[in-house]
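These values consider heavy atoms only, across backbone and side chains, with no hydrogens, waters or symmetry-generated copies. Counting starts at 1 for both ligands and their atoms, in listed order.
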Amino acid sequence: MMTRMGPVLVASEDIQAKVRELGELITEDYRGEKVLLVGILRGAVVFLSDLMRHLELPCEIDFMEVSSYGTGTQSSGVVRILKDLQEDITGRHVLIVEDIIDTGLTLSYLRRTLLQRKPATLEICALLSKPSRRRVELEVKYLGFEVPDEFVIGYGIDYAGAYRNLPDIRALRSEDAHA
Ligand code: IMP
Ligand code: MG
């Protein structure tokens, strides 16, 4: 499929303002503690790198890469860990940092997996969510924006590896005649 950038859904200035706000909230909530940010590769790297600069807390970062088993675009809810954490999270305050939540299956699985390692706390911070697509209940403590059921790109989020470097979040459009 030939694709192109569609309209801006969340402009760069609005993303930056929201990331600052989330950083302030997290700073309040974790005051006096040290937090381990767990970025989900690869989409969350842009968000994580901006977010951490708004945390006035001792903080460390680590990363996981996962891929969901499934046929085509249909997510099965079974997640394969491609890259695991390097840190032992037992007894630590862990904050998962994700780019976008769609069905919720990936984070739901990840949350269960990480809880088995007995962190002191485990919360989720996601920049975007598509609530109309949710298939499992998932508590997201820190959320940036809700977006409609459209395929989005930019600010770390890709289509087939491309568009991660866009400063705004946009919809993806296909070049098909009837698109
Ligand atoms: P979930 O398990 O269905 O919640 O899928 C979450 C993952 O699907 C995210 O981490 C993204 O990698 C990917 N994803 C979901 N929606 C989009 C989108 O609109 N654009 C790009 N990637 C997406
Ligand atoms: Mg992802």
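Glu56 is linked by a side chain to side chain donor-acceptor pair (under 3.5 Å) to nothing, counting only residues two or more places apart in sequence or in another chain. With sequence neighbours excluded, no residue forms a side chain to side chain donor-acceptor pair (under 3.5 Å) with Asp14.
Ligand 1 has Glu150 within reach: a non-hydrogen atom of the residue lies less than 4.0 Å from it. Contact between Lys130 and ligand 1 is present, with at least one heavy atom of the residue lying under 4.0 Å from the ligand. The closest approach between any non-hydrogen atom of Gly104 and ligand 1 is below 4.0 Å.
Side-chain contact between Lys130 and Leu128 is absent, with no heavy-atom pair separated by less than 4.5 Å.
Contacts with ligand 1 closer than 4.0 Å are made by heavy atoms of both the backbone and the side chain of Thr103.
At a threshold of 4.0 Å, the pair Arg170-Glu150 does not count as salt-bridged, since none of the basic side-chain nitrogens sits closer than that to a carboxylate oxygen. Between Arg92 and Asp62 no salt bridge is recorded (no basic side-chain N to carboxylate O distance below 4.0 Å).
Among Glu146, Arg134, Glu98, the one residue that satisfies the side-chain hydrogen bond (donor to acceptor under 3.5 Å, both in side chains) test with Ser129 is Arg134.
Nearest-residue assignment for atom 12 (O) of ligand 1 (options Asp158, Val136, Asp99, Asp102; heavy-atom criterion): Asp99. Of the candidates Val66, Ile169, Leu172, Ile100, the one placing a heavy atom closest to atom 6 (C) of ligand 1 is Ile100.
Annotation: Leu107 places no N or O atom under 3.5 Å from an N or O atom of ligand 1; distance criterion only.
Annotation for ligand 1: atoms under 4.0 Å from non-hydrogen atoms of Ile157 are 20 (N), 21 (C), 22 (N).
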